[in-house]
Undergrad: 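Submitted below is the structure of interest, expressed as structure tokens.
Every chain is numbered from 1, with letters handed out A, B, ... down the list of sequences. Please read these numbers as outputs of a predicted model, since none were measured by experiment.
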Amino acid sequence: MKIKDIADKLKISPRAIRFYEEKGLLSPIKQEHNQYRTFSEKEVWRLQTIISLREVGMPIGEIKKVLDQIDEGDQDELRYYLELQRAVMFSQWVEMKQIIETTDQMIHLLKQNQLLVLEDIYQLAEGSKRLREIRKNWRDRWNFDRQAVIYDEFVRNDDQSFNVHRNYDEALDLTVKWVSPKAGEFGLDIGTGTGNLAGRFLATGIQIAGIDQSKEMLKQCQRKYPQMETKLGNFLAIPYLDGQFDFVVTSFAFHHLTDEQKQLALEEIRRVLKSHGRICITDLMFEDQQKRIQYVENLKKQGQLNAIRAIEDEYYADRSRLLDWFKQHGYITKQKHINVLLHIVYAVPS
DNA sequence: TTTCTTACA
DNA sequence: TGTAAGCA
């Protein structure tokens with residue numbers, strides 16, 4: 001097939017096709033005598049792929065990478081790239097929603113009083129900007145991609161004197177028990193990792209999706225639970241539309257967020273939850289500030305410097321603040337500490 | 001006619 | 001990527 005045939009068939013311009021070739025995405029054979037390009041079935045397929053990926057906004061450079069990897073027989077990477085795209089789109093969407101809300105508030109202010117609102121508007125803008133900053137500031141400081149393969153083993157053998165994974169199984173089991181999902185309900189596990197919590201729900205026949213910001217973790221999870229739906233994403237931009245889930249759970253993940261980010265995360269969780277949706281947070285935290293100080297003091301006395309550093313490196317929640325948030329937002333809570341550090345907080349809308 | 005290359009927007 | 005020019 002010649003270039004015009006392909007162009008017509010795929011509804012793009014011949015120029016575009018040449019352009020892709022120039023960028024190294026295609027390499028059609030050129031006829032000896034007149035340099036006309038000849039396209040085989042394979043090239044058509046390739047072009048279709050390019051067009052599809054362009055359609056979802058992937059830049060040429062990225063498409064080249066993906067294509068190269070597919071050539072090497074690597075289908076997984078395409079899936080990953082698409083998931084990544086989706087996750088990025090979702091964070092933009094969440095941000096966009098935020099901006100629209102702020103705009104609405106400004107409009108509202110202007111409608112109400114004509115004068116002296118400039119300051120209020122400025123305040124709104126500042127607040128909006130700050131939210132964006134908080135969202136942007138999330139990054140994986142722990143390199144979960146690298147931990148993925150050994151994670152499960154690590155959890156089992158975490159036998160350091162300061163063992164944050166103590167009572168791991170017990171806590172996860174109890175989480176399932178507290179949520180006690182009914183048949184037909186759909187849940188979400190945020191920071192699902194290798195799927196240890198989500199797997200427990202699946203085992204009882206409950207549908208649950210898992211999100212994680214680490215693609216390697218998701219690969220492990222997928223390997224363990226092939227039937228589970230997983231997506232790339234994080235607490236601050238959950239890659240799902242509003243009102244999708246009956247319950248949201250999360251274990252050993254919430255402490256990777258700063259206090260400010262925790263607030264946003266809770267709002268995000270509420271967004272993807274149905275109106276009666278419940279939340280269960282199983283994580284390392286302190287009952288309150290007092291307990292935290294006490295705990296650190298104790299470690300100091302015992303000379304457990306590593307443990308102190310570990311605690312300071314994470315953002316273990318202040319449980320009392322968490323409970324306050326739930327109360328303010330109309331939830332009834334139930335909580336329990338499995339050990340000094342490990343707590344479960346379960347919240348149901350009243 | 002059709003495609004190609006090159007240059008420029 | 002679109003448009004245009006000059007060629008084969």
Undergrad: Using 30° and 60° as the class limits, which term best fits the ring planes of A/Phe245 and A/Tyr240: parallel, tilted or perpendicular?
TA: perpendicular
Undergrad: Looking at DNA chain C, which of residues 1-38 of chain A put a heavy atom within less than 4.0 Å of it?
TA: A/Ser13, A/Arg15, A/Phe19, A/Tyr20
Undergrad: Does A/Lys215 make a cation-pi contact with A/Tyr80, if we ask for NZ or CZ under 6.0 Å from the ring centre and within 45° of the axis?
TA: yes
Undergrad: Closest heavy-atom contact between A/Gly191 and A/Asp212?
TA: C-OD2, 3.3 Å
Undergrad: Are the aromatic ring centres of A/His255 and A/Tyr315 under 6.0 angstrom apart?
TA: no
Undergrad: Would you confirm whether the ring centroid of A/Phe247 sits within less than 6.0 angstrom of the ring centroid of A/Phe201?
TA: yes
Undergrad: Distance from A/Arg54 atom CZ to A/Ile12 atom CD1, nearest 0.5 Å?
TA: 11.5 Å
Undergrad: Give me the ring orientation class for A/Phe144 and A/His256: parallel if the planes are under 30° apart, tilted from 30 to 60°, perpendicular past 60°.
TA: perpendicular
Undergrad: Would you call the rings of A/His343 and A/His337 parallel, tilted or perpendicular if under 30° counts as parallel and over 60° as perpendicular?
TA: tilted
Undergrad: Just the endpoints, please: which first and last nucleotides of DNA chain B, 5' to 3', lie under 4.0 Å from a heavy atom of chain A?
TA: B/dT2 to B/dA7
Undergrad: Is the shortest distance from a Lys or Arg side-chain nitrogen in A/Arg319 or A/Asp283 to a carboxylate oxygen in the other one below 4.0 Å?
TA: no
Undergrad: Looking at A/Arg278 and A/Asp246, does any basic side-chain N land under 4.0 Å from a carboxylate oxygen?
TA: no
Undergrad: Just the dot-bracket of DNA chain C, please: which string comes out with Watson-Crick or G-U pairs under 3.5 Å, [ ] for crossing, | for another strand?
TA: ||||||.|
